Amino acid sequence: MDIPKQYDPKQAEQHHYERWERNGYFAPEINKNAQAPVFSIVIPPPNVTGSLHMGHALQHTLMDVMTRHKRMCGFRTLWLPGMDHAGISTQLMVSRALKKEGKSRHDLGREKFVERVWQWKHESGGQITVQMRREGASVDWSREKFTMNEDLSRVVREVFVRLYDEGMIYRGNRIVNWCPQDQTVLSDLEVDKLPQAGKLYYLQYPIKNSDRRVTVATTRPETMLGDTAVAVNPNDDRYRDLVGQTVLLPLTDREIPIVADEYVDPEFGTGAVKITPAHDPNDYEMGLRHDLPQVVVIDPHAKMTADAGPGFLGLDRYKAREKVVEEFEALGLLEKVVDYEFSISKCERCKTVIEPLISLQWFMKMDQLRDLALDLMAREQKPRFVPETYKKVYTDWLENLRDWTISRQLWWGHQIPAWYTPQGDVFVARSKEEARAKAGTNELTQDPDVLDTWFSSWLWPFSTLGWPNETDDLKTFYPTSVLVTARDIIFLWVSRMVMAGLKFVGKEPFADVFITGTILDSQGQIMSKTKMNGVDPIDAFDKFGVDATRLTLAQVGSTDTRWNEKQVESYRNFANKIWNAARFCLLNSEGAEVKPEILETSGALHDRWIVSRLNHTARDLNTAIDNYEFHQAVQLLYHFFWDDFCDWYIELAKADVTAEQESASRTEARTRLLTVLEQALRLLHPFMPYITEELWQRLPGDKQLHEAYAGAEPTVMLTAFPEGKADLIDEAAEAEMQAIIELISRVRNIRSEMNIKPTERIPVIIASPDRNHPVFAAAREQISRLVRASEVSIQQHLEAPRASARAVLAGGTELAVPLEGLIDFEQERRRLQREQEKLQAEAAKLEAQLGNPNFVSRAPAERVNEVRARIADIAQQSSQLQQTVENLQ
RNA sequence: GCCCGCUUAGCUCAGUGGUAGAGCACUCGCUUCACACGCGAGGGGUCAGUAGUUCGAAUCUACUAGCGGGCACCA
């Protein structure tokens, strides 16, 4: 058998995925057990424009670990993949491509443009689906969905019509966030509020029939052209007499009132506020309260309108600002300008400064939906957030929820299913035909706007399963088991899915929500395109392998973590360790094969021990994965495989396994070794799918699949995940092995401290009066081998030459290594005294504890007894050690 | 302004009431017949600070400091 010394991840990553996918292993139909429990996840659909980043890789790893684990546990599993049409991003991307050809989308017209987007999607969209295959994501591609496909679009229209008919969707003129660059409205959640160093301008407005002026402070002087009032606080004595008076608005011929409103903070600025209802959300509200006119002075391109006055018409908003300030200065009405830091709203996508504008848009009332979600949390504590802290984030946001602006002035997206007659009457319907029937005319024009991208995403958990039809998939897989996502879309997506699920299916869309942490760069900064500090997961795959990267990501869990390449490297080394352990097993496998039954039969101590450790690990691993304790899960695997299996079991079994002569015992040793390895590969598989499959395929024997997958072509993917059988956990064997491990470690420690050459063999004398005596006796050959002893003598009472290095172990076992001529008595005495001091220090602590009457009376008796037992053990070791030191004199 | 999270070994992070852990880095020794991406042996932390609860606190409570994030913003 020819097996390279180094594991080559790329080689293993090349062919297994294609086979898994082709054989239908990812589809729930592979499970032939009609009674199988169900596990389902819908993927957070990545943008069709997107390519894989660390956040995806993290989420996908966790989802894949859970899916593969549950699949191996015999669940009917579905991990449903898909993509989001990503309205603005996609439209921008295609528009940019057109621009290179010197064209705009308007040159093409709507229909041609949308065709062009589809063409782009077919040719170069969905890069991420290729990358997900590289990740090893075991998603069911046969059920892949895209939010703009006809089936999902139909769901969008269905939901829109139902909500409209219930009066929850309405169209109205309101102040909204407008992006002058993208020429569309945005929801509050698509707007970033960023701190900005700016100026605060103090403008003086003359009062009619008076010499007085009132000074207002503003960060946006250009909006004064649209002022329709000045407001002061009703309790502000400075301005009490001005309320009801009239201001002569400079640069215009308009006269505007001074009104009183509690909203005004007397402490800020001058205590008098200019009111521009058409261009500021707060002023808009105040305008409604005081029935003020709305004068629109800024248009959708952020240029000044005719109402701004002839001198301003067509000016950009910032040019207009300069000009207003200049003119105020010329008029002697500019009181002062001070530096001022405030926050500014920018478009999440293009970073253009948002212009608040009054605009005719579609909105959704959220009250009823919000109450559904809040009631579910109050009543049933669902969904369960992990970590729990996000529950508060979720409910706090819901409690302050406002209407959702759902229309967008884009071409790429779900066109709003509303049609208008020439008279302007609106008919909302599932199709043009239905609208015609409702309207009684064919002369209909569809609303040109499309819906917010999240309007399709919020339906994702059930639209992908066939709703509104009562499909088998919907019945089987809804509600899904868990949603895995990052915290930044708890509002945008998670909460809305809960509301939609409750409203339309009558059940929550998922039981649990697992919120992942964020992978930061090595400096602790968030990775972003603009900062150019992102680490490409594909680069990590290429450099260290997919499996090593997955382990690194899996152990991140839900706290933010800096990307640490050293960590990936150490898991690359772990993969190599697995490879070489398997290599050893395979190189010594002649005459043997995997045989699970052998683990049920009792063998030597180290055999019973590894079976116990295996089951122990399996039990803890199952618990860890079920509780989303992925870090714990990775640690369990790492230490079981490296420490228990490689460092101890292989070494203890080595003599038997590598025996030159064929024998029944050699075959048995080899069979046990191969079988334990096979079980270990199963445990590792959800985390490290490629290396485990690669090695598993090479193991000899008729390897069994989980009974639910009987008849499938063999793959480790479909074997039964070790459950951790209680009757195979052998605490006595673990304790006995622990004694042997400690013994060997102490001898090695002596060798190291005494500078004994590794090649030099030494005699070892063990005195073990207690029950460990037969344990050591039975393991004599193994001990001898692992400490490189010339002979191991096991006695009742220690009889060793004076010139020996010694140690006293827990339980009173004594150890001597005769070192005639090599030992420095003074040095040895000091070494033993250091040991003695350590024991004394520990004893002193424990004695103090026992000396506290409150501890004895209030601590659990079990705990008190533990302390007493430990003290007794220390006392024994200590006195033996003392004797040893005295004998050296 | 309000809310949340974090602060543990040089670095990156686990650990949620009972004697401080891992990986990497570091020191010493090893071409020991699976693996130098390795083997063996070590050193290293008053768990951010203060006060409290408790027989007992890295772990629970309060406050403080620093860092990070979210929400709301006063023009």
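The chains referred to below are lettered A, B, ... by the order of the sequence lines, with proteins before strands, and numbering in each begins at 1. Quick note: numbers below take in every heavy atom, side chains included, and nothing from hydrogens, waters or symmetry partners. Note that the coordinates shown come from a computational prediction; the quantities given were computed from them, not determined experimentally.
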Look at the side-chain N and O atoms of [X] and state whether any lies under 4.0 Å from the OP1 or OP2 oxygen of [N].
| X | N | value |
| --- | --- | --- |
| N755(A) | C28(B) | no |
| N573(A) | G38(B) | yes |
| K654(A) | A34(B) | yes |
| K566(A) | G23(B) | no |
| Y340(A) | A75(B) | yes |

Is [X] touching bases, backbone alone, or none of the nucleic acid, heavy atoms closer than 4.0 Å?
| X | answer |
| --- | --- |
| S343(A) | base |
| C585(A) | nothing |
| V867(A) | nothing |
| E842(A) | base |
| R562(A) | sugar-phosphate |
| Y638(A) | sugar-phosphate |
| P860(A) | base |
| D283(A) | nothing |
| D265(A) | base |
| K577(A) | base |
| Q632(A) | nothing |
| R402(A) | sugar-phosphate |

Out of [options], whichever nucleotide has its closest atom nearest the side chain of [X]:
| X | options | value |
| --- | --- | --- |
| A859(A) | C13(B), C35(B), C55(B) | C55(B) |
| R870(A) | U19(B), C55(B), G23(B) | U19(B) |
| R583(A) | C35(B), U54(B), G40(B) | C35(B) |
| F342(A) | A34(B), G18(B), A75(B) | A75(B) |
| T561(A) | C55(B), C35(B), C13(B) | C13(B) |
| W642(A) | C39(B), A75(B), C71(B) | C39(B) |
| F491(A) | U32(B), C71(B), G5(B) | C71(B) |
| R863(A) | A22(B), U19(B), G40(B) | U19(B) |
| F855(A) | G18(B), A22(B), G42(B) | G18(B) |
| S745(A) | A41(B), C13(B), A34(B) | A41(B) |

Position toward the 5' end of RNA chain B (nearest nucleotide), V273(A) or N588(A): N588(A)
Mapping T389(A) and H639(A) onto RNA chain B by nearest heavy atom, which one lands closer to the 5' end?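 Nearest nucleotide further toward 5': that of T389(A).
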Side-chain donor/acceptor of [X] to base of [N], under 3.5 Å:
| X | N | answer |
| --- | --- | --- |
| S570(A) | C24(B) | no |
| R572(A) | C37(B) | yes |
| Q567(A) | U12(B) | no |
| K392(A) | C4(B) | no |
| E651(A) | A34(B) | yes |

Given that both distances must come in under 3.5 Å, which nucleotide forms a Watson-Crick or G-U wobble pair with [N]?
| N | answer |
| --- | --- |
| A41(B) | U27(B) |
| G1(B) | C71(B) |
| A48(B) | U64(B) |
| A34(B) | none |

With C1' as the reference atom in both, quote the distance from G45(B) to C4(B) in angstrom, rounded to an integer. 28 Å
Is the positively charged end of R496(A) above the ring of W404(A), judged by distance under 6.0 angstrom from the centroid and angle within 45° of the axis? yes
Once the angle between the rings of F491(A) and W397(A) is folded into 0 to 90°, is it parallel (under 30°), tilted (30 to 60°) or perpendicular (over 60°)?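 Judged by the thresholds at 30° and 60°, the geometry between F491(A) and W397(A) is parallel.
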Distance, rounded to the nearest Å, where Q6(A) contributes CD and G38(B) contributes P: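 It is 10 Å, rounded to the nearest whole Å.
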When the distance from CG of L194(A) to P of C71(B) is rounded to whole Å, what number comes out?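 Going from CG in L194(A) over to P in C71(B) covers 11 Å.
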Taking atom CD as the centre, does Q11(A) end up with more than 12 heavy-atom neighbours from other residues, nucleotides or ligands that are less than 6.0 angstrom away? yes
Taking the six-membered ring where the residue is Trp, are the ring centres of F630(A) and F514(A) under 6.0 Å apart? yes
Validation row, ring centre F645(A) to ring centre F641(A) under 6.0 Å: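 Distance test on ring centres: under 6.0 Å, yes.
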With the threshold set at 4.0 Å, does a side-chain nitrogen-carboxylate oxygen contact exist between [X] and [Y]?
| X | Y | value |
| --- | --- | --- |
| R870(A) | E866(A) | no |
| E355(A) | R220(A) | yes |
| K346(A) | E190(A) | no |

Check the pair E565(A), K543(A) against salt bridge (charged side-chain N to carboxylate O under 4.0 Å, His left out), reporting the backbone distance first and the verdict last. CA-CA 10 Å; E565(A) 201 175 89; K543(A) 195 164 175 189; 2.8 Å; yes
